[in-house]
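One structure is given below, encoded as C-alpha coordinates.
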Amino acid sequence: MKVYTKTGDGGKTSLIGGRRVDKDDPRVEAYGAVDELMAHTAHLMDSITEENLLRYKSELKKILDTLMTVSSIFACDDDDIIKKIPTITEEDIKYLESLIDTMQNDLPHIDKFTIPGGHVLVSLSHIARTVCRRAERRAIKLGSNDGCIFAMSYLNRLSDYFYVLGRKLSYELGVRELLWEP
(Lines give C-alpha, C1' and ligand atoms only; values in the text may rest on other atoms or scores of the structure.)
Protein backbone atom coordinates (compact mmCIF):
# COMPACT_ATOMS: atom_id res chain seq x y z
CA MET A 1 0.00 0.00 0.00
CA LYS A 2 1.36 3.40 -0.95
CA VAL A 3 1.61 6.13 1.65
CA TYR A 4 0.48 8.81 -0.76
CA THR A 5 -3.04 8.70 -2.13
CA LYS A 6 -3.19 12.14 -3.81
CA THR A 7 -6.74 12.54 -2.43
CA GLY A 8 -5.61 15.42 -0.23
CA ASP A 9 -3.99 17.44 -3.00
CA GLY A 10 -7.07 19.63 -3.31
CA GLY A 11 -7.09 20.64 0.36
CA LYS A 12 -9.50 17.99 1.63
CA THR A 13 -9.02 15.03 3.96
CA SER A 14 -11.19 12.29 5.46
CA LEU A 15 -12.35 12.00 9.03
CA ILE A 16 -12.79 8.61 10.69
CA GLY A 17 -16.00 7.42 9.09
CA GLY A 18 -15.11 8.75 5.67
CA ARG A 19 -16.63 12.23 5.59
CA ARG A 20 -14.45 14.60 3.53
CA VAL A 21 -13.63 17.96 5.08
CA ASP A 22 -11.30 20.86 4.41
CA LYS A 23 -7.85 20.45 5.91
CA ASP A 24 -8.47 23.53 8.06
CA ASP A 25 -11.69 22.08 9.50
CA PRO A 26 -11.81 22.47 13.31
CA ARG A 27 -11.57 18.67 13.77
CA VAL A 28 -8.46 18.49 11.60
CA GLU A 29 -6.96 21.48 13.44
CA ALA A 30 -7.64 19.78 16.79
CA TYR A 31 -6.29 16.34 15.97
CA GLY A 32 -3.39 17.93 14.09
CA ALA A 33 -2.41 19.88 17.21
CA VAL A 34 -2.63 16.67 19.26
CA ASP A 35 -0.44 14.92 16.67
CA GLU A 36 2.15 17.68 17.05
CA LEU A 37 1.91 17.34 20.84
CA MET A 38 2.55 13.61 20.51
CA ALA A 39 5.71 14.29 18.51
CA HIS A 40 6.99 16.73 21.14
CA THR A 41 6.07 14.32 23.95
CA ALA A 42 7.96 11.52 22.18
CA HIS A 43 10.96 13.84 21.71
CA LEU A 44 10.96 14.59 25.43
CA MET A 45 10.60 10.89 26.28
CA ASP A 46 13.42 9.88 23.91
CA SER A 47 15.69 12.63 25.27
CA ILE A 48 15.59 11.27 28.82
CA THR A 49 18.79 9.29 29.31
CA GLU A 50 19.65 10.07 32.92
CA GLU A 51 19.31 6.93 35.03
CA ASN A 52 17.47 8.71 37.85
CA LEU A 53 14.85 10.09 35.41
CA LEU A 54 13.99 6.92 33.49
CA ARG A 55 10.73 6.48 35.45
CA TYR A 56 9.30 9.44 33.52
CA LYS A 57 9.60 7.49 30.27
CA SER A 58 6.82 5.08 31.28
CA GLU A 59 4.58 8.00 32.29
CA LEU A 60 5.19 9.68 28.95
CA LYS A 61 4.48 6.45 27.05
CA LYS A 62 1.14 6.11 28.83
CA ILE A 63 0.40 9.75 27.99
CA LEU A 64 1.22 9.08 24.32
CA ASP A 65 -1.23 6.17 24.28
CA THR A 66 -3.95 8.37 25.78
CA LEU A 67 -3.19 11.19 23.33
CA MET A 68 -3.79 8.75 20.48
CA THR A 69 -7.26 8.20 21.93
CA VAL A 70 -7.80 11.97 22.16
CA SER A 71 -6.74 12.33 18.54
CA SER A 72 -9.15 9.57 17.47
CA ILE A 73 -12.03 11.22 19.31
CA PHE A 74 -11.33 14.53 17.60
CA ALA A 75 -11.01 12.85 14.18
CA CYS A 76 -14.43 11.16 14.35
CA ASP A 77 -17.82 12.77 13.92
CA ASP A 78 -19.73 9.57 13.15
CA ASP A 79 -21.97 8.61 16.09
CA ASP A 80 -21.86 4.90 15.25
CA ILE A 81 -18.07 4.74 14.90
CA ILE A 82 -17.31 6.91 17.95
CA LYS A 83 -18.87 4.17 20.11
CA LYS A 84 -16.08 1.84 18.99
CA ILE A 85 -13.26 4.27 19.84
CA PRO A 86 -11.74 4.13 23.34
CA THR A 87 -12.86 6.96 25.60
CA ILE A 88 -11.14 9.36 27.94
CA THR A 89 -12.37 8.80 31.47
CA GLU A 90 -12.16 10.49 34.81
CA GLU A 91 -9.56 7.86 35.73
CA ASP A 92 -7.29 9.18 32.95
CA ILE A 93 -7.59 12.68 34.38
CA LYS A 94 -7.08 11.47 37.96
CA TYR A 95 -3.94 9.63 36.82
CA LEU A 96 -2.45 12.94 35.67
CA GLU A 97 -3.55 14.64 38.88
CA SER A 98 -1.83 11.98 40.98
CA LEU A 99 1.40 12.41 38.99
CA ILE A 100 1.21 16.18 39.42
CA ASP A 101 0.55 15.91 43.17
CA THR A 102 3.44 13.47 43.65
CA MET A 103 5.89 15.71 41.78
CA GLN A 104 4.74 18.83 43.62
CA ASN A 105 5.38 17.27 47.02
CA ASP A 106 9.14 17.75 46.56
CA LEU A 107 9.10 21.16 44.92
CA PRO A 108 9.68 24.45 46.67
CA HIS A 109 6.85 26.97 46.60
CA ILE A 110 7.29 29.77 44.08
CA ASP A 111 5.39 33.03 43.71
CA LYS A 112 6.76 34.08 40.32
CA PHE A 113 6.20 32.92 36.77
CA THR A 114 8.52 30.20 35.48
CA ILE A 115 10.61 30.89 32.42
CA PRO A 116 11.40 27.81 30.30
CA GLY A 117 15.02 26.77 30.17
CA GLY A 118 18.00 25.74 32.22
CA HIS A 119 18.29 22.27 30.67
CA VAL A 120 17.14 20.74 27.39
CA LEU A 121 14.68 18.40 29.16
CA VAL A 122 13.10 21.34 30.98
CA SER A 123 12.76 23.23 27.71
CA LEU A 124 11.25 20.20 25.95
CA SER A 125 8.72 19.86 28.76
CA HIS A 126 7.68 23.49 28.32
CA ILE A 127 7.43 23.08 24.54
CA ALA A 128 5.06 20.16 25.14
CA ARG A 129 3.10 22.33 27.61
CA THR A 130 2.60 25.15 25.14
CA VAL A 131 1.65 22.83 22.27
CA CYS A 132 -0.78 21.11 24.64
CA ARG A 133 -2.40 24.46 25.40
CA ARG A 134 -2.78 25.08 21.65
CA ALA A 135 -4.38 21.66 21.18
CA GLU A 136 -6.80 22.49 23.98
CA ARG A 137 -7.70 25.81 22.32
CA ARG A 138 -8.32 24.04 19.01
CA ALA A 139 -10.49 21.42 20.71
CA ILE A 140 -12.81 24.03 22.20
CA LYS A 141 -14.30 24.59 18.74
CA LEU A 142 -15.49 20.97 18.50
CA GLY A 143 -18.51 21.34 20.72
CA SER A 144 -19.65 19.83 23.94
CA ASN A 145 -20.26 16.13 23.40
CA ASP A 146 -19.08 13.96 26.29
CA GLY A 147 -16.09 12.53 24.44
CA CYS A 148 -14.73 15.94 23.56
CA ILE A 149 -15.34 17.38 27.04
CA PHE A 150 -13.31 14.65 28.77
CA ALA A 151 -10.63 14.96 26.08
CA MET A 152 -10.44 18.74 26.65
CA SER A 153 -10.23 18.20 30.42
CA TYR A 154 -7.43 15.70 29.83
CA LEU A 155 -5.51 18.24 27.72
CA ASN A 156 -6.03 20.92 30.35
CA ARG A 157 -4.62 18.67 33.06
CA LEU A 158 -1.84 17.45 30.77
CA SER A 159 -0.55 20.98 30.26
CA ASP A 160 -0.39 21.29 34.06
CA TYR A 161 1.53 18.00 34.13
CA PHE A 162 4.12 19.31 31.64
CA TYR A 163 4.50 22.53 33.64
CA VAL A 164 5.12 20.66 36.89
CA LEU A 165 7.34 18.13 35.10
CA GLY A 166 9.50 21.02 33.89
CA ARG A 167 9.85 22.26 37.46
CA LYS A 168 10.53 18.73 38.76
CA LEU A 169 13.18 18.11 36.10
CA SER A 170 14.93 21.35 37.10
CA TYR A 171 14.88 20.17 40.69
CA GLU A 172 16.12 16.64 39.96
CA LEU A 173 18.79 17.78 37.50
CA GLY A 174 20.08 20.33 40.00
CA VAL A 175 19.67 23.27 37.64
CA ARG A 176 18.50 26.66 38.81
CA GLU A 177 14.84 27.18 38.02
CA LEU A 178 14.43 30.29 35.93
CA LEU A 179 11.86 32.67 37.39
CA TRP A 180 10.57 35.90 35.93
CA GLU A 181 11.87 38.93 37.79
CA PRO A 182 9.89 41.88 36.39
Side-chain angles (χ1 to χ4, degrees), residues 1-48 55-103 124-166:
M1 176 178 185
K2 291 186 177 187
V3 171
Y4 58 90
T5 62
K6 301 181 185 181
T7 59
D9 291 352
K12 299 264 187 195
T13 192
S14 294
L15 297 176
I16 296 174
R19 185 167 72 91
R20 302 282 295 165
V21 297
D22 292 333
K23 287 188 176 183
D24 63 353
D25 183 270
R27 286 196 173 282
V28 179
E29 288 285 344
Y31 74 69
V34 173
D35 188 30
E36 183 181 356
L37 173 59
M38 290 175 65
H40 286 293
T41 302
H43 186 188
L44 171 59
M45 181 179 72
D46 292 343
S47 297
I48 296 172
R55 68 187 177 283
Y56 295 116
K57 288 176 95 87
S58 63
E59 291 176 10
L60 293 168
K61 173 59 170 88
K62 182 173 171 63
I63 287 167
L64 283 168
D65 289 338
T66 306
L67 285 172
M68 197 66 183
T69 298
V70 170
S71 184
S72 298
I73 290 167
F74 292 167
C76 184
D77 71 345
D78 183 304
D79 290 337
D80 291 330
I81 294 175
I82 196 80
K83 294 173 186 169
K84 299 174 186 171
I85 294 174
T87 60
I88 301 299
T89 65
E90 276 192 63
E91 287 74 35
D92 296 314
I93 296 165
K94 288 181 187 297
Y95 171 73
L96 289 176
E97 290 171 349
S98 72
L99 296 175
I100 292 166
D101 292 344
T102 299
M103 287 189 289
L124 289 172
S125 186
H126 283 285
I127 290 168
R129 173 185 57 81
T130 60
V131 173
C132 188
R133 287 285 187 212
R134 181 168 4 107
E136 182 185 7
R137 291 190 304 272
R138 298 295 184 271
I140 288 170
K141 296 181 179 185
L142 299 185
S144 60
N145 68 55
D146 288 343
C148 286
I149 286 180
F150 275 119
M152 286 187 284
S153 295
Y154 183 83
L155 291 174
N156 185 23
R157 210 69 79 251
L158 183 58
S159 63
D160 295 334
Y161 167 85
F162 284 123
Y163 170 76
V164 175
L165 179 62

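Each residue takes its place number in the sequence, starting with 1.
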key: Nearest heavy atoms of G166 and S125, plus distance in Å   = N-OG, 3.3 Å
Donor-acceptor side-chain pairing of S153 and N156 below 3.5 angstrom = no
key: Side chain to side chain, L99 and Y95, heavy atoms closer than 4.5 Å   = yes
request  = Please check if the side chain of T89 supplies one atom and the backbone of E91 the other of a donor-acceptor pair under 3.5 Å.
outcome  = yes
inquiry  = Any non-hydrogen side-chain atom of D160 less than 4.5 Å from a side-chain atom of L96?
reply    = no
query = How long is the gap from CE on M152 to CZ on F74, to the nearest 0.5 Å?
reply = 6.5 Å
Qualifying residues under side-chain hydrogen bond (donor to acceptor under 3.5 Å, both in side chains), relative to K94, sequence neighbours excluded = none
ask   = How long is the span from the CE atom in M45 to the CE atom in M38, to the nearest 0.5 Å?
value = 9.5 Å
task = For residues H126 and F162, determine if any side-chain heavy atom of one lies less than 4.5 Å from a side-chain heavy atom of the other.
result = no
Reported OG-to-CZ distance for the pair S71 and R27, which is rounded to 0.5 angstrom = 11.0 Å
query = Which pair of heavy atoms, one from A135 and one from A33, lies closest together, and at what distance?
reply = CA-CB, 3.6 Å
Would you give me the side-chain donor-acceptor pairs under 3.5 Å for residues 61-69, sequence neighbours excluded?
from: K61; atom 1: NZ; to: D65; atom 2: OD1; distance (Å): 2.7
from: K61; atom 1: NZ; to: D65; atom 2: OD2; distance (Å): 3.1
from: T66; atom 1: OG1; to: K62; atom 2: O; distance (Å): 3.1

ask   = Taking R138 for the side chain and E29 for the main chain, is one N or O donor matched with an acceptor at less than 3.5 Å?
value = no
ask   = Distance from I100 atom CD1 to L165 atom CG, nearest 0.5 Å?
value = 10.0 Å
ask   = So how far is it from L37 CG to L158 CG, rounded to the nearest 0.5 Å?
value = 6.0 Å
Any donor-acceptor N or O pair under 3.5 Å, side chains R133, S159 = yes
task = Would you give the length of the straight line joining atom CG of L124 to atom CD1 of I48, rounded to the nearest 0.5 angstrom?
result = 9.0 Å
request  = Identify the heavy atoms of I127 and T130 that sit nearest to each other, and give their distance.
outcome  = O-OG1, 2.9 Å
Side chain proximity check, E97 to I93, heavy atoms < 4.5 angstrom = yes
ask   = Would you say the side-chain atoms of D46 pair up with the backbone N or O of H43, donor to acceptor, closer than 3.5 Å?
value = no
ask   = Just by distance, with hydrogens left out, do Y161 and E59 show a side-chain donor and acceptor under 3.5 Å apart?
value = yes
